[in-house]
Amino acid sequence: GYSMTNQELNDLLARFEGSSLSKLKLSTQEFTIELERSLTAAPAVPASAPAPAVPAPKAPEGETVTVMSTGMGGPSTAIGVEELKKCGAEVLIRVGTCGAIDPTLVPGTLIIPTGAIRKSGTGREYVPVEYPAVPNFDLVMELNAAAKRLGYPSVNGIVECKDSYYGQHAPETMPCEDELRSKWKAWQRAGAIGSEMESDTLYLVAGIRRMKAATVLLLCRNREREALTGQTDTCWDTAHAIETAIEAIRSIIRKEKEGK
């Protein structure tokens, strides 16, 4: 597929503003964007006009920080990590959401994984399944400290990483229902706490490419807790997870500048 760069997108928008068109439609396999404007709302911009420069985002500490969406699941995560490596990235922190395996966890809690169950398939094309999927220890400690400084409740533990979202949420519709339910019970008995779709691939690919990686997740819903208690509270605001990642990044940058 074709990927449009920021410069190409800016050029396209500039041409749209300078044209006689009133509508612009951009479509991909995942989404469609439609733009509409009044032909008299603003002066025309010549098609040859240079696109405005997009400044690189800067942390207060003066370092460039990249924000990237990996999409859902292992395959797209692996692609993202590989291309970030080619761009020179060294430290990766994934911010995401998850469900719960541990019925005691309350939605809104941050989960900072210490390892991931390799249930997804992408990592098997990198290294045999016996190789563990674990985050960088120093980054985990930075995230733990950041959440504590900010006063956000957080826990550490093992998360399941799966390929099928509905394999978890609708196992009764799957021909392999018995296997799915059996493994879920095994994860519970072993002490796993959450379920998501990307961290195992992140840890494996980053480690193999000699990058540091860790994850902070918002526990948005706990169906196990709902089944036991009838409490159906949820949390979909990822602000605490995002702020925790930013605080950890700031701490890492400061320590590097101080030579610690």
Side-chain angles (χ1 to χ4, degrees), residues 56-98 110-120 122-150 152 154-161 192-194 196-218 238 240-260:
K58 292 282 187 178
E61 288 71 24
E63 295 295 327
T64 300
V65 176
T66 298
V67 179
M68 175 182 182
S69 171
T70 64
M72 292 180 67
S76 60
T77 298
I79 293 170
V81 174
E82 292 280 14
E83 295 186 355
L84 285 171
K85 174 65 176 180
K86 293 178 180 179
C87 292
E90 299 176 345
V91 176
L92 308 177
I93 295 180
R94 163 171 147 69
V95 178
T97 60
C98 67
L110 299 182
I111 291 180
I112 302 171
T114 52
I117 298 167
R118 292 184 55 187
K119 194 179 173 189
S120 62
T122 303
R124 298 168 190 258
E125 297 192 21
Y126 280 85
V127 65
V129 71
E130 292 83 1
Y131 191 89
V134 292
N136 177 268
F137 178 78
D138 291 337
L139 291 188
V140 170
M141 298 303 292
E142 288 284 2
L143 288 167
N144 284 343
K148 184 176 182 179
R149 286 194 298 272
L150 295 169
Y152 301 152
S154 64
V155 295
N156 297 117
I158 304 298
V159 294
E160 172 205 49
C161 291
I193 62 174
E196 48 116 283
M197 301 179 69
E198 292 82 23
S199 288
D200 64 331
T201 302
L202 170 67
Y203 301 158
L204 289 170
V205 180
I208 290 168
R209 299 301 180 223
R210 303 301 186 263
M211 307 163 77
K212 297 179 180 180
T215 303
V216 55
L217 303 167
L218 168 71
T238 57
H240 287 183
I242 295 170
E243 291 166 11
T244 298
I246 293 172
E247 176 68 16
I249 292 169
R250 285 174 167 160
S251 174
I252 293 166
I253 292 172
R254 285 195 295 266
K255 289 178 180 178
E256 287 184 350
K257 287 180 176 293
E258 296 167 0
K260 294 182 179 180

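Quick note: numbers below take in every heavy atom, side chains included, and nothing from hydrogens, waters or symmetry partners.
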For [X], which residues count as a side-chain hydrogen bond (donor to acceptor under 3.5 Å, both in side chains) partner, sequence neighbours excluded?
X    : result
K119 : E160
S120 : D200
N144 : N156
R209 : E82

[X]: which residues meet the side-chain contact (heavy atoms from CB on, under 4.5 Å) condition with it, sequence neighbours left out?
X    : value
A89  : L84, L92, M211
L150 : Y152, E243, T244, E247
T97  : L218, C220, T238
M72  : M197, E198

Legend entry - Side chains of R118 and L204 in contact at under 4.5 Å (non-hydrogen atoms):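 Yes - at least one pair of side-chain heavy atoms lies under 4.5 Å apart.
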Inset, instruction - Taking the side chain as every heavy atom from C-beta outward, state whether C161 and T201 have any atom pair closer than 4.5 Å. - result: no
Taking all heavy atoms of [X] and all of [Y], pick out the closest pair and write down the distance.
X    : Y    : value
G74  : T122 : C-OG1, 3.3 Å
P113 : Y203 : CB-OH, 3.5 Å
V216 : A245 : CG1-CB, 4.2 Å

Rounded to the nearest 0.5 Å, what separates atom [atom1] in [X] from atom [atom2] in [Y]?
X    : Y    : atom1 : atom2 : answer
E63  : K257 : CD    : NZ    : 4.0 Å
I111 : E196 : CD1   : CD    : 9.0 Å
L110 : C98  : CG    : SG    : 9.5 Å

Legend entry - Criterion side-chain contact (heavy atoms from CB on, under 4.5 Å) on T114 and I158, from CA distance to verdict: CA-CA 6 Å; T114 52; I158 304 298; 3.9 Å; yes
Inset, instruction - Please check if any side-chain donor atom of T215 sits under 3.5 Å from a side-chain acceptor atom of S199, or the reverse. - result: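 There is such a pair (donor and acceptor under 3.5 Å, judged by atom type) between the side chains of T215 and S199.
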Legend entry - Other residues, nucleotides, ligands: >12 heavy atoms within 6.0 Å of K212 NZ: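 No, not enclosed.
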May I have the list of side-chain donor-acceptor pairs in residues 131-143 shorter than 3.5 Å, sequence neighbours left out?
from	atom 1	to	atom 2	distance (Å)
N136	OD1	D138	N	3.1
N136	OD1	L139	N	3.0
E142	OE1	S251	OG	2.8
E142	OE2	K255	NZ	2.9

